[in-house]
*Asks:* 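Structure incoming, see below.
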Amino acid sequence: MFEPIAIGCVLRVHMAEKEPMLYGRVVHIDKQKNLAMIVRFPGKDALGHQKNYVRRPVGHDLSALETRVQDGAYGVVDFEVPSHWLLTPEQLKNNSPAGLINDSRRNLKAWLKRRSEAYRLIRPFVHGRTIEQIVMDPAFAGWPKRRAKELNFKGCARIQRSLNAYILALGNRNGLLPWYTRCGNPGDTKISRVKTGRPVDERDLEGGRAPGLNCDKFARIHFAMGWKKFKRRGVSVRKAFKQTLETWFVKSVRWDGSGAKVTLRPEARKYTVKQFEYWGRRDSDALSAVAINKGETERRRTYLQRQGQTKERHLAVNGEAFLDSTSCDQTLVSCASRLKVLSSPFRTDIQGAATDYIFGHHVGFESVSQTTALLAILHAAEDKVEYCARFGIKIKSRDWLPMTFRQFVMDNGEGKGQLVMRTLEEMEVGANFGAAYDAINKAPQESKHASIHAHVDHAMPGSTMGRRAARGEPSRASLARLNLFEYMPHLIRHVLFHNNEELITLPTMEMRQDGVEPTRRGVVEWMLENGYTTSAPQNIQQLRIRCLPRLMACVQPDGIHLYDPTFSGKRIIPGLVYSNEYLQRSGILSKNKRWHLDAHLNPSDLSKIWVNLGGLKCMTLRSRDPDMHELALLDWLAISRDDRIRAFLDKANKIQEGVNAIATLNRSVQVANKERNKEIRARGGKPSKAELKREKRLNTKLEQVAMTGMPNTPKELKQSPVLAERQESHDSPAIKSFSPLRDLAQAIRESRTK
């Protein structure tokens with residue numbers, strides 16, 4: 001259906017491969033005469049400026065226009081009345097800023113004077129008459145010339161323009177107000193060719209001061225960009241100005257050793273810091289230097305955009321949910337050591353849009369990403385009894401209800417990526433993204449983030465308070481006391497209180513009539529019982545496959561091992577071995593060849609993984625250390641990294657010890673070689689191999705007697721003919737039987753004292 005042509009509408013010409021162009025405004029229609037009077041809009045000159053002159057009304061065939069509208073050559077649209085046409089006489093007299101978004105230099109009193117002069121020229125012909133009477137008057141064509149002769153004007157252009165403008169405005173006298181198209185619309189920037197402001201003194205010019213230069217279009221645009229990019233808290237305006245010049249106003253850069261010699265464009269040296277600050281703040285969203293230094297950001301809340309409470313727009317309990325991430329304002333320590341300080345963890349919440357019920361979250365040291373968003377979605381769909389029991393909190397299933405949703409409301413952050421979009425598409429779930437840097441689309445969740453920070457994070461030691469440490473404030477690292485496993489119970493208890501105990505106002509009269517418990521849990525259960533639901537995915541196994549991150553794993557004879565995801569190659573994470581009864585009975589572990597598979601793991605829970613072995617199977621961690629079940633993946637990887645560093649350092653110690661041992665051994669061998677050579681020279685020659693091998697047992701027994709101090713000679717020694725020969729060689733008969741032993745013992749004692 002096409003829009004009918006009516007008085008006051010605007011005809012728009014549709015052209016191929018070009019933007020539609022406004023043609024004119026219909027000011028009179030006579031269906032009996034098949035006539036339509038149209039006033040053309042002022043065109044533009046060669047420079048692109050809108051012309052001030054308004055053309056006379058022209059008659060057209062009404063049926064022909066309707067045909068062209070049906071064919072699509074013309075379009076019918078509503079006329080947008082200019083803001084200054086809507087001003088009242090009082091506003092014109094008082095120079096009121098009504099209808100303006102930005103400041104303006106307009107002088108409405110002068111405009112009112114020009115309007116009065118224009119109406120005085122055409123008053124005899126238009127006063128008290130309708131537009132139909134004016135345009136259909138036979139005297140309309142020649143009246144401006146006759147009026148010019150009456151007033152002794154050289155031409156009738158002013159009178160004709162005022163008459164045509166009056167008709168274009170359909171009798172609205174404000175249509176006679178000047179447009180000043182060459183000077184810009186109200187609120188537009190004024191560009192001066194001459195340098196504005198106080199002139200520079202000649203003595204300053206002689207001293208080397210630049211005379212200054214007006215900012216052209218390039219400078220204005222890039223000063224605004226530089227203000228938005230470089231002016232931050234802690235960065236002065238002068239430094240941001242220098243960074244802007246170095247980024248966009250550099251002509252060339254020459255390196256002199258390790259230093260840079262930058263040559264700026266000639267006009268850049270004439271710009272000032274004041275000009276940079278002025279044009280940088282011209283944007284309506286730009287903040288002043290004072291506001292930035294106070295910590296205000298461009299992401300200011302626009303509360304005026306809120307049309308009532310957000311939850312009033314959602315009727316199904318599982319229709320929409322908010323998904324958003326924030327940092328936990330906490331400084332935690334490692335589970336392995338109270339002196340090992342960690343970074344702040346991150347929390348991703350799933351909050352129902354209809355009830356503000358927190359259905360799930362994910363807390364971990366992983367940076368906010370698509371993976372953390374999917375983990376939070378999975379946690380919202382799972383039962384929380386086992387999850388809370390892991391942190392020492394006993395609940396029932398109804399104390400923290402699971403839920404899957406039809407659509408998620410997110411910002412342009414962790415949820416806007418190929419992984420999340422593809423996963424939501426496979427789950428047949430929708431996503432709604434708000435405008436960039438505008439949190440108003442999920443204001444309830446942003447408010448809940450602030451509440452959790454105030455009631456949980458900020459009340460604990462080591463809290464960051466959501467800001468950088470102030471000057472003189474104690475170090476957060478010195479105040480950190482708790483680890484993640486000790487922090488989580490406080491967070492979970494607050495979530496349970498928010499869902500089950502905090503009293504709320506029931507949203508509808510129907511809930512009041514049914515006596516619903518005035519808590520978020522009561523509202524959710526009532527909505528589930530009364531059918532306030534929509535279709536949503538329910539298969540929890542498919543959710544685990546799609547939402548849990550995949551880690552490469554391998555099957556070994558003792559179970560399933562995981563590979564380190566932070567390592568580019570294949571390196572097994574030590575201490576993490578998973579198995580279950582099915583894996584033991586299936587015979588998979590008996591295979592000789594190592595084979596790989598994908599394991600699905602929650603990085604904040606090392607106690608179990610899921611693998612697809614003829615269906616999704618849950619494998620538990622095999623560890624005699626109960627604290628291993630309380631660690632997060634990144635925490636254990638950090639501990640393992642420390643172990644590898646110690647092992648690496650131990651390798652160096654072992655090498656050093658080996659080198660020291662070799663040096664000591666070489667020295668001992670050198671000493672032994674000197675003594676051996678000395679004995680050979682005293683003997684008169686080197687003993688043969690047969691002599692060295694002879695009497696090994698006898699020498700051993702003699703060594704044993706000398707080492708132990710046994711006075712009795714063994715029987716083998718008494719019967720030995722060699723011993724008898726040795727006894728005959730000694731002079732004293734009193735000690736003949738014990739002289740070999742005495743000499744050997746004396747030699748051993750002498751060797752020990754060396």
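Note: hydrogens, waters and symmetry copies are ignored here, and every other heavy atom, side chains too, is used.
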*Asks:* Would you say the side-chain atoms of N318 and R406 include a donor-acceptor pair closer than 3.5 Å?
*Replies:* no
*Asks:* Please confirm whether the backbone N or O of V368 pairs with a side-chain atom of T372, one donor and one acceptor, at under 3.5 Å?
*Replies:* no
*Asks:* Please check: side-chain N/O of E277 versus main-chain N/O of V237, any donor-acceptor pairing under 3.5 Å?
*Replies:*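 Judged by distance alone, no pair lies under 3.5 Å.
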*Asks:* Is there a side-chain contact between S162 and Y119 in this structure, where contact means two heavy atoms from C-beta onward sitting under 4.5 Å apart?
*Replies:* no
*Asks:* Please assess N164 against Q160 for the test side-chain hydrogen bond (donor to acceptor under 3.5 Å, both in side chains), listing each intermediate value before the final yes or no.
*Replies:* CA-CA 6 Å; N164 299 341; Q160 186 70 63; 3.0 Å; yes
*Asks:* Should we say atom CZ of R146 is surrounded by more than 12 heavy atoms from elsewhere, each under 6.0 Å from it?
*Replies:* yes
*Asks:* Only one of V76, L65, I5 clears side-chain contact (heavy atoms from CB on, under 4.5 Å) with V26; which?
*Replies:*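 Of the listed options, the one satisfying the test is I5.
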*Asks:* For the backbone of Q407 and the side chain of E320, can you confirm whether one donor and one acceptor N or O come within less than 3.5 Å of each other?
*Replies:* no
*Asks:* T263 and V253: side-chain contact (heavy atoms from CB on, under 4.5 Å), yes or no, with the steps?
*Replies:* CA-CA 6 Å; T263 302; V253 178; over 6 Å; no
*Asks:* Nearest 0.5 Å, please: how far is CZ in R158 from CG in L151?
*Replies:*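 Taking CG in L151 and CZ in R158, the distance rounds to 9.0 Å.
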*Asks:* Look up atom OH in Y166 and atom CG in L121, then write down how far apart they are to the nearest 0.5 Å.
*Replies:* 14.0 Å
*Asks:* For residues L245 and L264, report the shortest heavy-atom separation together with the two atoms involved.
*Replies:*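 Looking at all heavy atoms of both residues, the shortest contact is O-CD2, 3.9 Å.
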*Asks:* Working note: E446 + D324, criterion side-chain contact (heavy atoms from CB on, under 4.5 Å); need CA distance, chi angles, decisive distance, verdict.
*Replies:* CA-CA 8 Å; E446 296 290 348; D324 190 44; 3.1 Å; yes
*Asks:* Give a yes or no on whether the backbone of G72 and the side-chain of H14 come within a donor-acceptor separation of less than 3.5 Å.
*Replies:* yes
*Asks:* Only pairs at least two apart or in different chains count here, so list each salt bridge (Lys or Arg N to Asp or Glu O under 4.0 Å) that has a residue in residues 119-131.
*Replies:* R129-D137
*Asks:* Roughly how far, to the nearest 0.5 Å, is the OG1 atom of T371 from the CG atom of L419?
*Replies:*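 Reported value, rounded in 0.5 Å steps: 6.0 Å.
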*Asks:* When rounded to the nearest 0.5 angstrom, what is the spacing between CG in D356 and CD in Q445?
*Replies:*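 Here the interatomic distance stands at 9.5 Å.
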*Asks:* Is a donor on one side and an acceptor on the other found under 3.5 Å between the side chain of R173 and the backbone of A169?
*Replies:* no
*Asks:* Could you pull out the closest heavy-atom pair between P444 and F322, with the gap in Å?
*Replies:*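 The answer is CG-CE1, 3.9 Å.
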*Asks:* With side chain to side chain donor-acceptor pair (under 3.5 Å) as the rule and sequence neighbours excluded, what pairs involving residues 54-63 come up?
*Replies:* Y23-H60, N34-D61, N34-S63, D61-S63
*Asks:* Is it the case that the side chain of Q275 and the backbone of T272 share a donor-acceptor pair, with hydrogens and angles ignored and the cut-off at 3.5 Å?
*Replies:* yes
*Asks:* Can a donor-acceptor pair be found, under 3.5 Å and without considering hydrogens, that links the side chain of R25 to the backbone of G8?
*Replies:* yes
*Asks:* Should R114 and L177 count as side-chain neighbours, where that means a heavy-atom distance under 4.5 Å?
*Replies:*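 No - every pair of side-chain heavy atoms lies 4.5 Å or more apart.
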*Asks:* Which atoms form the tightest heavy-atom contact between I131 and G171, and what is the distance?
*Replies:*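 Taking every non-hydrogen atom into account, CD1-N, 3.6 Å.
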*Asks:* Would you say the side chains of E510 and Y532 form a donor-acceptor pair under 3.5 Å?
*Replies:* yes
*Asks:* Quick one: ring-ring contact (aromatic ring centres under 6.0 Å, His included) partners of H222, sequence neighbours excluded?
*Replies:*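 If we apply the ring-ring contact (aromatic ring centres under 6.0 Å, His included) test to H222, skipping adjacent residues, the hits are F218, W248.
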*Asks:* With distance as the sole criterion, is a donor-acceptor pair present between the side chains of S369 and E414 under 3.5 Å?
*Replies:* no
*Asks:* With sequence neighbours left out, write down each residue that passes salt bridge (charged side-chain N to carboxylate O under 4.0 Å, His left out) with R40, or none if nothing qualifies.
*Replies:*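 Listed in chain order: nothing, the list is empty.
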*Asks:* Distance from L168 atom CG to I38 atom CD1, nearest 0.5 Å?
*Replies:* 12.0 Å
*Asks:* Verify the neighbour count for atom CG of D216: are there more than 12 heavy atoms of other residues, nucleotides or ligands below 6.0 Å?
*Replies:*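 More than 12 heavy atoms, drawn from other residues, nucleotides or ligands, come within 6.0 Å of this atom.
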*Asks:* Taking the side chain as C-beta and beyond, is there a heavy-atom pair between V429 and I377 under 4.5 Å?
*Replies:* no
*Asks:* Could you work out, with side chain to side chain contact (heavy atoms under 4.5 Å, CB included) as the rule, every residue matching Q243, not counting sequence neighbours?
*Replies:* F230, V235, K239
*Asks:* Do D78 and V10 touch side chain to side chain, with heavy atoms closer than 4.5 Å?
*Replies:* no
*Asks:* Is there a donor in the side chain of R161 and an acceptor in the side chain of Y53, or the other way round, less than 3.5 Å apart?
*Replies:*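 No.
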*Asks:* Excluding sequence neighbours, so at least two apart, what forms side chain to side chain contact (heavy atoms under 4.5 Å, CB included) with I221?
*Replies:*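 With neighbours one apart ignored, the set is K217, M225.
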*Asks:* Provide the closest heavy-atom pair for A431 versus M410 in the form atom of the first, atom of the second, distance.
*Replies:* CB-CE, 3.6 Å
*Asks:* Any side-chain heavy atom of P124 sitting closer than 4.5 Å to one from W143?
*Replies:* yes
*Asks:* Do V420 and R422 make a side-chain contact, defined as non-hydrogen atoms from C-beta onward lying under 4.5 Å apart?
*Replies:* no
*Asks:* Just by distance, do the side chain of D30 and the backbone of L35 share a donor-acceptor pair under 3.5 Å?
*Replies:* no
*Asks:* P20 and R12: which non-hydrogen atoms are nearest, and at how many Å?
*Replies:*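 In this case the closest contact between P20 and R12 is CB-CD, 3.4 Å.
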*Asks:* If I take atom CG from residue D71 and atom CD from residue E66, how far apart are they, to the nearest 0.5 angstrom?
*Replies:* 12.0 Å
*Asks:* Under the side chain to side chain contact (heavy atoms under 4.5 Å, CB included) test, which residues partner S327, sequence neighbours left out?
*Replies:* D329, F346
*Asks:* Among residues at least two apart in sequence or on other chains, which ones pass side chain to side chain contact (heavy atoms under 4.5 Å, CB included) with K154?
*Replies:* none
*Asks:* What residues form a salt bridge (charged side-chain N to carboxylate O under 4.0 Å, His left out) with E267, not counting sequence neighbours?
*Replies:* R265
*Asks:* Return the set of residues passing ring-ring contact (aromatic ring centres under 6.0 Å, His included) with F79 (not counting sequence neighbours), or none when no residue passes.
*Replies:* W85
*Asks:* Go through it in stages, so that I can follow the logic: the residues are R282 and W279, the test is side-chain contact (heavy atoms from CB on, under 4.5 Å), and I'd like the CA-CA distance, side-chain angles, deciding distance and then a yes or no.
*Replies:* CA-CA 5 Å; R282 294 302 293 174; W279 291 111; 3.5 Å; yes
*Asks:* Would the distance check show the side chain of N172 and the main-chain N or O of N174 forming a donor-acceptor pair, the cut-off being under 3.5 Å?
*Replies:* yes
*Asks:* Is there a side-chain contact between Q351 and Y357 (heavy atoms, below 4.5 Å)?
*Replies:* no
*Asks:* Looking only at non-hydrogen atoms, find the nearest pair between K145 and C156 and report the distance.
*Replies:* CG-SG, 3.8 Å
*Asks:* Is the backbone of L108 close enough, under 3.5 Å, to the side chain of N95 for a donor and an acceptor to pair up by distance?
*Replies:*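 Checked: pair present.
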*Asks:* Using side-chain heavy atoms (C-beta onward) and a distance below 4.5 Å, is L92 in contact with K109?
*Replies:*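 Side-chain contact under 4.5 Å: no.
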*Asks:* Looking at residues at least two apart in the chain, or sitting in another chain, which of them share a salt bridge (charged side-chain N to carboxylate O under 4.0 Å, His left out) with E150?
*Replies:*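 For E150 the salt bridge (charged side-chain N to carboxylate O under 4.0 Å, His left out) partners, ignoring immediate neighbours, are R147.
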*Asks:* Under the ring pair (Phe, Tyr, Trp, His ring centres under 6.0 Å) test against F241, which residue among F249, Y271, F276 passes?
*Replies:*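 Looking at F249, Y271, F276, the match for F241 under the ring pair (Phe, Tyr, Trp, His ring centres under 6.0 Å) is F276.
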*Asks:* Residues two or more places apart in sequence or in another chain: which of them pass ring-ring contact (aromatic ring centres under 6.0 Å, His included) with F408?
*Replies:* F405
